[in-house]
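Note on naming: letters A, B, ... go to the chains in the order of the sequence lines (proteins, then strands), and numbering restarts at 1 for each one. Worth knowing before you read on, the calculation uses all heavy atoms, side chains too, and leaves out hydrogens, waters and symmetry mates.
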Amino acid sequence: VGDPPPLMDAATAATATAAAALVWFRKGLRVHDNPALDAARRSAARVYPVFVLDPRYLRPDPAAPSPGSARAGVARVRFLLESLRDLDARLRRLGSRLLVLRARDDVSDAVCAALKDWNIGKLCFESDTEPYALARDKRVTDFAAASGIEVFSPVSHTLFDPAEIIEKNGGRPPLTYQSFVATAGEPPKPVMEKYSELPPIGDTGGYELLPVPKLEELGYGDLSQEYIPPFRGGETEALKRMRESLQDKEWVAKFEKPKGDPSAFLKPATTVLSPYLKFGCLSARYFYHCIQDVYRSTKTHTKPPVSLAGQLLWRDFFYTVSFGTPNFHQMEGNKICKQIPWRENGELFVAWRDGRTGYPWIDAIMIQLRKWGWMHHLARHSVACFLTRGDLRAGRKSLHARKKRVYFTSDSTFSKKKKPNSKIKLFCFTSICQLVSDMKYIHWEQGRDVFERLLIDSDWAINNGNWLWLSCSSFFYQYHRIYSPISFGKKYDPNGDYIRHFIPVLKDMPKEYIYEPWTAPLSVQEKARCIVGKDYPKPVVDHEAASKECRKRMEEAYASNRLGGNPVKGNSSNSSRRKFSDGGQDVPDSSMSKQPRKRS
DNA sequence: ATTAGGTTGAAAGG
DNA sequence: CCTTTCAACCTAAT
């Protein structure tokens, strides 16, 4: 955890004098509640509002599985460009404009060049805690320091300052929601001062001032076949959408996230403000305080974690943990992540990614992701569980472990209840490794990558946090709870309207079969003009068998973690709290790096 | 060492 | 639409 950039209060910022200030927009694509923009306009006679197009983010990747760059699908790039156009329009209404720069390769080089070329005295930008941003911003602040340029970098993307919360919690990020909320307290109020004018931009020298580019100009090829998601980017749209959502006060007061309907698509069960929060078109603090206003006008309201305000706290929770956890975005070297020997690739992964698993509920969600760049939170759960720990595995039967009939438990309740006097054999780490190398369930990082690229609300901290959650790698550990790719969707949408909408080939399948079309008699398939295996794929796995197998594999992986058989760090100090009995039993393989630690 | 608690499972029963 | 059961996880707090 690096030191946060020093905060400057408004008074200090106001008295500071600099001939020209540069406001560097990255996230925070808004005018309201924008402390960086506020400080710039107060302290300088000329303000340069800048956005730098990042080739590392936008460069077309023809090898990608859908149009876009390696890191972003066109839906999110479109949303970004719409947000920039709206930001430009709003700045122009205040007598300014957005200066769109194109970096050759490294964004920080372009910013540093502008600072120098325009003789900037003060640089203002919103603090960003993502690793990519931290490295990028350090290059710029180092340059600024060396050049005597004042830097103001306030926290305004999140409700709280992640570094401050970590400090309050004794130097470690709170790892449970409850402890996070207790540590955090009440968030600061948004900065909502109204003003009608911004200082003009200064001389831009030889810089060519181009408008925000059109998506078609970025080289992604023919986009005429691309579906345009129903959500338009920008602060104006964000504020409108927020007001519409908050208008229904009863809905706000009674909101409970887990009770939402993931199949609702004509009118989604949530606000769909996440993409606006992701780009900072909407201030989380402003949203939070508007929600509080609604709560004050109603008799009762739901509470965190399920409430609407509670959702914003979840966002901050993941931002804080991700900021305070090295290698948060991966399994390796991530101290809070269970070490599970996932497989890296396979046909099953591609079937999942492309919505061809043969499970209409799963495929419809993945197609909605591809077309809309957004789906309901519970829909994300469903497909993430299916990919990682729920279903996608090979039907390999000859398991080394089962032949040997070893018990790998160190759980005292299990041994007491079921095998009170039995000799508990310890499962050795190498056996687990051998066994799991045949395993086909798929690494959460692969699913994470697909979401990260295609979601219009793709957010580094939240996306990784939720993949850790769903794969039972961190935060959540009840791996016996597996979403059924059949019954989970059916309970919300028994008629299958959601499936019919996103998978048109199934639109005439009777509702009795739409969640399991392979069970429909051939005559029914013919009548629906959808032959399973021809017009729509057969299921790639059998859910009953696969989920049972996956459950077992998770049990094995957890046992390995308990034994301190952490394949990455080899550090058993905090993972072997559990007591186990190993007296006189099979000696763990000598290649096991750490012996179980005896307690009692 | 023990216990309580955990945003979002499924199936069965009322 | 509610609760209970199922089989049972882990973590934090005590």
Exercise. Measure centre to centre between the rings of A:Y319 and A:F180, then say whether the value is under 6.0 Å.
Key: no

Practice problem: Ignoring the backbone of A:H480, work out which of C:dA8, B:dA10, C:dT11 is nearest its side chain. | Solution: C:dA8

Quiz prompt | Spacing of A:L470 atom CG relative to B:dG9 atom P, expressed in whole Å | solution = 10 Å

Quiz item: Among C:dC10, B:dT8, B:dT7, which is the nearest nucleotide to the side chain of A:K338?
Solution: C:dC10

Quiz item: What is the distance from CG of A:L308 to C1' of B:dT8, rounded to the nearest Å?
Solution: 16 Å

Quiz prompt | Among A:R315, A:R285, A:K278, the one residue meeting side chain to side chain donor-acceptor pair (under 3.5 Å) with A:H157 | solution = A:R315

Quiz item: Looking only at atom P, what distance separates B:dT7 and C:dC6, rounded to whole Å?
Solution: 25 Å

Practice problem: Please determine if a side-chain N or O atom of A:R562 lies less than 4.0 Å away from the OP1 or OP2 oxygen of C:dC10. | Solution: yes

Quiz prompt | From B:dT7, B:dG9, C:dA12, nucleotide with atom closest to A:F488 side chain | solution = B:dG9

Practice problem: Select one nucleotide: of B:dT7, B:dA10, C:dA12, the one nearest the side-chain heavy atoms of A:W314. | Solution: B:dT7

Quiz item: In whole Å, what is the span from the OH atom of A:Y492 to the C1' atom of B:dA10?
Solution: 12 Å

Quiz item: Of all the choices, B:dT7, B:dA11, B:dT8, which nucleotide is nearest to the side chain of A:S487 once you look at every atom?
Solution: B:dA11

Quiz item: Contact class for A:K491 vs. all strands (heavy atom < 4.0 Å): base, sugar-phosphate, or nothing?
Solution: sugar-phosphate

Quiz item: Can a cation-pi geometry be assigned to A:K371 and A:F502, taking NZ or CZ under 6.0 Å from the six-membered ring centre and within 45° of the ring axis?
Solution: no

Quiz item: In terms of side-chain heavy atoms of A:Y483, which of C:dA12, C:dC10, B:dT8 is nearest?
Solution: B:dT8

Quiz item: A:D363 and A:Y536: side-chain donor and acceptor closer than 3.5 Å?
Solution: yes

Practice problem: Would you mind classifying the nucleic acid contact of A:E256 as base, sugar-phosphate or nothing, using non-hydrogen atoms under 4.0 angstrom? | Solution: nothing

Exercise. For residues A:W518 and A:Y359, establish whether the separation of their ring centroids is below 6.0 Å.
Key: yes

Quiz item: Does the ring of A:Y558 meet both stacking tests against the six-membered base ring of C:dC9: centre distance under 5.5 Å and plane angle under 30°?
Solution: no

Self-check item: Nearest listed nucleotide, side chain of A:W469, among C:dC10, B:dT7, B:dG9
Solution: B:dT7

Quiz prompt | Between B:dA10 (C1') and A:D391 (CG): distance, integer Å | solution = 14 Å

Quiz prompt | Separation of B:dG6 C1' from A:Y477 OH (nearest whole Å) | solution = 11 Å

Exercise. Pick base, sugar-phosphate or nothing for A:S307, based on heavy-atom distances below 4.0 Å to the nucleic acid.
Key: nothing

Exercise. Pick base, sugar-phosphate or nothing for A:L378, based on heavy-atom distances below 4.0 Å to the nucleic acid.
Key: base

Quiz item: What is the pairing partner of B:dA12, taking Watson-Crick or G-U wobble pairs with both distances under 3.5 Å in any strand?
Solution: C:dT3

Quiz item: Is the A:Y483 to A:F386 ring centre distance short of 6.0 Å?
Solution: no

Practice problem: Step through it carefully: locate the ring centre of A:W372, locate the ring centre of A:F231, and say whether they are under 6.0 Å apart. | Solution: yes

Exercise. Considering only atom C1', compute the distance from B:dG5 to C:dA8 and round it to an integer number of Å.
Key: 14 Å

Quiz item: Does A:K490 put a side-chain nitrogen or oxygen below 4.0 Å from OP1 or OP2 of B:dG9?
Solution: no

Quiz item: Which part of the nucleic acid, if any, lies within reach of A:F475 when heavy atoms closer than 4.0 Å are counted: base, sugar-phosphate only, or nothing?
Solution: nothing

Quiz prompt | Selected nucleotide, minimal atom distance to A:K257 side chain, candidates B:dA10, B:dG6, B:dT7 | solution = B:dT7

Quiz item: Rounding to a whole Å, what distance do you find between A:I340:CD1 and C:dC9:C1'?
Solution: 12 Å

Quiz prompt | Interatomic distance, A:M554 CE vs C:dA8 C1' [rounded to whole Å] | solution = 14 Å

Quiz item: Hey, which of these two, A:Q478 or A:K259, hits DNA chain C nearer its 5' end, going by closest nucleotide?
Solution: A:K259

Practice problem: Please determine, for B:dT2, whether a Watson-Crick or G-U wobble partner exists with both distances under 3.5 Å, and give it or none. | Solution: C:dA13

Practice problem: Grab the CD1-C1' distance between A:I462 and B:dT7 for me, whole Å please. | Solution: 15 Å

